[in-house]
Amino acid sequence: MKPTIEIEYCPKCGWMLRAAYMGQELLSTFADEIYGVLLIPSEVAGRYTIRADQQEIFDRKREGRFPDIKELKQLVRDRVSPGKDLGHSDRKH
């Protein structure tokens, strides 16, 4: 079964649009590799956590920042489709 990406965000912080944008980008990039993206309004203030099949891949509080979209695509790719080429969003070797 394909993995589900979860983006848990703080609605009181106004982060729903950021979560929706990131979800849209992931759906576009990983249309064949993921089941879907689930946006979860958090009850915990300040939370912005991204998980792939319930395994955390990014936490805003731990990192002290939000991921940029290039970094997020790399994190998701490494988890769900390690051989996938991300083109211009990929790391420079």
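Note: hydrogens, waters and symmetry copies are ignored here, and every other heavy atom, side chains too, is used.
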Should [X] and [Y] be regarded as members of a common hydrophobic cluster, given that ILVMFWY residues are connected when their side-chain heavy atoms come within less than 4.5 Å of each other, either directly or indirectly?
X	Y	value
L72	L27	yes
L75	Y21	yes
I57	I69	yes

Contact summary for [X] and [Y], nearest pair of heavy atoms:
X	Y	answer
V80	P3	CG1-CG, 3.3 Å
P82	D78	CG-O, 3.6 Å
A52	R79	CB-CG, 3.6 Å

Would you say [X] and [Y] make side-chain contact, with heavy atoms under 4.5 Å?
X	Y	value
Y48	C10	no
W15	R60	yes
V37	T4	no
E6	Q54	yes
F30	R77	yes
R51	F58	no
I50	E56	no
L38	I5	no

Next on the checklist: Taking atom NZ as the centre, does K2 end up with more than 12 heavy-atom neighbours from other residues, nucleotides or ligands that are less than 6.0 angstrom away?
Outcome noted: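 Counting other residues, nucleotides and ligands, NZ of K2 exceeds 12 neighbours.
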
For residues 33-43, the side-chain hydrogen bond (donor to acceptor under 3.5 Å, both in side chains) pairs (sequence neighbours left out) are E8-S42, E33-K84

- [ ] Would you check, one step at a time, whether the test side chain to side chain contact (heavy atoms under 4.5 Å, CB included) holds for M16 with Y9?
- [x] CA-CA 7 Å; M16 182 180 66; Y9 65 94; 3.5 Å; yes

Between L26 and K73, is the side chain to side chain contact (heavy atoms under 4.5 Å, CB included) condition met? List the steps. CA-CA 7 Å; L26 293 175; K73 288 180 180 182; 4.3 Å; yes

One should read off an interatomic distance between K61 NZ and D59 CG, to the nearest 0.5 angstrom, of 8.0 Å

